[in-house]
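For reference, the structure is listed below as structure tokens.
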Amino acid sequence: MVLRRTARVEEEPLVLEDLPIPRPGPKQILVKVSACGICHTELDEIEGRLPAKLPIILGHQIVGAVESVGSGVSRFKLKDRVGIAWINSACGKCSFCRKGNENLCPEFQGTGCDVNGGYAQYTVVGEDFAYPIPERFSDCQAAPLLCAGAIGYRALRLTNLEDGQILGLFGFGASAHIVIQIAKHKYRSSPVFVFTRAGQKDHQDLAGKLGADWVGVTGDTPAAKLNCAIDFTPAWKPVIEALRVLEKGGRVVINAIRKEEKDKDSLLELSYQNHLWLEKELKTAANITRRDASEFLPLAAEIPGIDSHFPFGKKSIFRTQNLSRRFPRGL
Ligand SMILES: [Zn+2]
Ligand SMILES: [Zn+2]
């Protein structure tokens, strides 16, 4: 499916075309795609809010098998199952790359944004930017781990959470519902507080099912302050609210590729005294590095019953859990 021009998604700008099978260059592998996740970022690419290099084949949560290899490939052999994520390449030489911050490389190329991705039968990638997929995941289970999972893992890493500290999650969608499972696995003594929009009962129920210690609405004041928080929303109000209920010296990480303009007025509520003073920090998570994907996939495989699907629509299988009363809602 090729995107040749940006347009509202209702106009169906993705076009089915027959293209030649790409050839892997030196150190590249040709991957036969078996599953590719669909991301909200692609909606932004299709509708022009995030500039992609047109024409482009979208898709950056790719699982498939190595079909052929270019010269000098040593990490993979034919038929190996691999995953490809948002980071497709970086220069490897600049000051960012040398420090492991290849996500900030000026030559960073995004899969399905700067180079062709996975809405296709075949795609090529440098062997250093492909990851083995742990056996326990099916192709479809693994695909969303490559975006929502890996970027969520990066955001969690950037919070500097220590075991026992309180983590807040604002917004509870595709990425957050994986992050809570990592946090509960890796930081066993850390309470996790989840904030959703009012009326998002499905999200709140799922948060409870996945082990949230407190579930409330953005704007609520929990009984204890957050040592760190991740904002997964496209809005500004949750950022202000996260800073308000943040402990001294805490950090809020924004995990969003862009913010919506419509709720910009919320920023006028930002008060130095209430939201930033006492060494509170605000940081953003941009793209991912190879380290994020390669650490996250085996970690995810360790988590018993990790749920990489967002199973709304099967509401009947959820029961609202008896949430821990350690942190009753509100003061
Ligand atoms: Zn994505
Ligand atoms: Zn670089």
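We count ligands from 1, going down the list as the structure has it; atoms in each ligand are counted the same way. Fair warning: this is a prediction, and the values are worked out from it, not measured in the lab. No hydrogens, no waters, no symmetry mates; every other heavy atom, side chains included, goes into these values.
Residues Leu297 and Leu145 form a side-chain contact, since some pair of their non-hydrogen atoms from C-beta on lies under 4.5 Å apart.
Taking the ring axis of Trp236 as reference, the NZ or CZ atom of Lys264 does not stay both within 45° of it and closer than 6.0 Å to the ring centre. Geometric assessment of Arg290 against the ring of Phe129 yields a positive cation-pi assignment under the 6.0 Å and 45° thresholds.
For the residue pair Glu42/Tyr119, the side-chain donor-acceptor check at 3.5 Å is satisfied.
Partner of Val2 under the side chain to side chain contact (heavy atoms under 4.5 Å, CB included) criterion, chosen from Ile57, Ile56, Asn116: Ile57.
Protein atoms of type N, O or S found under 2.8 Å from the Zn ion (ligand 2) total 4.
Rounded to 10 degrees, the NE2-metal-SG angle spanning His60 and Cys147 at the Zn ion (ligand 1) equals 110°.
By the 30° and 60° cut-offs, the orientation of the rings of Trp277 relative to Tyr272 is tilted.
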